[in-house]
Amino acid sequence: MGLLESIRRWIDGIDADDPLAEVDEQKKPRRVWEEFFVRIAREVEAVMQREMITPPGGPTFLPREYIVFLSNEDDKEWRGDKRRALEQGLRHILSERARELSGKTQLANKSFVIELRVDGTLNKGEFRVQPVWEESETGSTTVTPRPLQEAPTARDDSTVAEGEATVVRKRPVELYSIEIWRDGVRQKVVPISKPEITIGRGSRSVTVDLPITGDPEISRLHAVLARDDKGRFWLTHKGRNPTLVNGREVARDEPTPISLEDKIEICSYTLRIQSKPFDR
């Protein structure tokens with residue numbers, strides 16, 4: 001019996017003839033990663049069962065994507081090949097499980113995505129699973145090639161030395177930065193180099209400058225933050241759920257002035273602007 005099959009039987013609670021279940025004083029204990037793997041797999045399976053939809057006469061629908069949030073400590077332990085192995089193993093086990101859950105009906109999903117992320121509020125050993133129906137929150141990125149630039153034309157005197165025509169691209173200037181907080185824990189600081197940015201959950205069809213993921217109540221495009229030519233900040237609410245400034249809800253589609261002392265609350269997240277001195 002292979003390792004994945006053994007783990008699968010362990011997830012099912014089938015101990016008979018399962019080498020991983022036959023643990024006693026003479027046997028080696030299960031490895032830590034196996035315990036963690038099975039706990040996550042069982043939780044994702046429970047989410048699958050809660051979210052599963054089988055309309056009359058139709059196929060079974062399941063969320064295509066599952067985001068597993070880990071604590072900071074566990075995230076540091078699951079890096080590189082170890083992380084890829086965990087994600088690949090979960091996809092394999094849960095794809096098989098999804099086919100079993102659908103029973104005799106056809107399964108609409110052709111594949112599943114498992115992504116590991118960080119939640120700074122979790123303690124070591126804790127995790128939570130969030131299903132995603134919109135296929136909008138995974139870290140999949142589409143890369144398009146940069147258009148080729150025409151080579152500089154040599155001067156008539158043919159005195160241009162080889163390599164002389166190197167073009168140095170101007171680096172973007174950081175105008176200010178934004179601190180992103182959740183449940184009293186600062187998640188990250190994002191430098192901003194554009195006078196106007198879009199904020200939201202984003203999706204494959206809606207691109208935002210400042211993506212805030214992990215909270216399904218955040219709209220794909222939730223707000224727009226602008227910095228005018230005098231260094232003042234303006235916030236425009238766009239989402240379905242409210243945006244608060246210092247605890248007060250702002251009107252939709254109406255620019256609201258924002259100061260550096262203000263707290264911008266977007267669902268479970270809080271944003272704080274850290275501005276650089278404005279050049280007059």
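- A donor-acceptor pair under 3.5 Å links the side-chain atoms of Q187 to the main chain of V185, judged by distance alone.
- Heavy atoms only, all atoms of each residue included: F127 and E43 are closest at CE1-CB, 3.7 Å.
- When the side chain to side chain donor-acceptor pair (under 3.5 Å) test is applied to R50, no partner is found at least two apart in sequence or on another chain.
- Remark: P131 pairs with V47, E51, P63, Y66 by the side chain to side chain contact (heavy atoms under 4.5 Å, CB included) rule, at least two apart or across chains.
- Cluster membership for W234 and I178, using ILVMFWY side-chain heavy atoms within less than 4.5 angstrom, is not shared.
- Pairs passing the ring pair (Phe, Tyr, Trp, His ring centres under 6.0 Å) check and including a residue from residues 203-231, sequence neighbours excluded, read H222-H237.
- Of the possible donor and acceptor atoms, none in the side chain of N123 sits under 3.5 Å from a partner among the backbone N and O of E126.
- Taking Y269 as the reference, nothing meets the ring pair (Phe, Tyr, Trp, His ring centres under 6.0 Å) condition, with sequence neighbours excluded.
- Among pairs with a residue in residues 179-193, those fulfilling salt bridge (Lys or Arg N to Asp or Glu O under 4.0 Å) read E179-R186, at least two apart in sequence or across chains.
- In this structure, S71 and L122 approach most closely via the heavy-atom pair CB-O, 3.3 Å.
- In this structure, the side chain of R79 engages the main chain of D75 through a donor-acceptor pair within 3.5 Å.
- For S259, the side chain to side chain donor-acceptor pair (under 3.5 Å) criterion is met by E261, D262, not counting sequence neighbours.
- Interatomic distance, F61 CZ to W133 CH2, rounded to the nearest 0.5 Å: 8.0 Å.
- For R252, the salt bridge (charged side-chain N to carboxylate O under 4.0 Å, His left out) test picks out no residue, with sequence neighbours left out.
- The side chain to side chain donor-acceptor pair (under 3.5 Å) check on R272 picks up nothing, with sequence neighbours excluded.
- Across all non-hydrogen atoms, the minimal contact from M52 to T60 is CG-CG2, 3.4 Å.
- Side-chain atoms of S219 do not come within 3.5 Å of backbone N or O of L221 as any donor-acceptor pair.
- For the atom pair CD (E265) and CH2 (W181), the distance works out to 13.5 Å, reported to the nearest 0.5 Å.
- Partners of R84 according to the side chain to side chain donor-acceptor pair (under 3.5 Å) rule, which considers only residues two or more places apart in sequence or in another chain, are D81.
- In terms of the side chain to side chain contact (heavy atoms under 4.5 Å, CB included) criterion, residue partners of P195 (sequence neighbours excluded) are, by chain and number, L175.
- Panel note: side chain R227, backbone Y176; no donor-acceptor pair is recorded below 3.5 Å.
- The structure places CG of N241 at 5.0 Å from SG of C267, a figure rounded to the nearest 0.5 Å.
- Counting only distance, with no hydrogens or angles, the side chain of D74 and the backbone of G125 share a donor-acceptor pair below 3.5 Å.
- Residues R83 and L116 come closest through the heavy atom pair NH2-O, 3.0 Å.
- Residues N72 and G120 approach most closely at ND2-CA, 3.6 Å, considering heavy atoms.
- Shown here are the salt bridge (charged side-chain N to carboxylate O under 4.0 Å, His left out) partners of R240, two or more places apart in sequence or in another chain: there are none.
- Listed by chain and residue number, K194 satisfy the salt bridge (charged side-chain N to carboxylate O under 4.0 Å, His left out) test with D209 (two or more places apart in sequence, or in another chain).
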| query | Checking side chain to side chain contact (heavy atoms under 4.5 Å, CB included) for the pair L225/L271: CA distance, chi angles, key distance, verdict? | reply | CA-CA 11 Å; L225 181 64; L271 309 184; over 6 Å; no
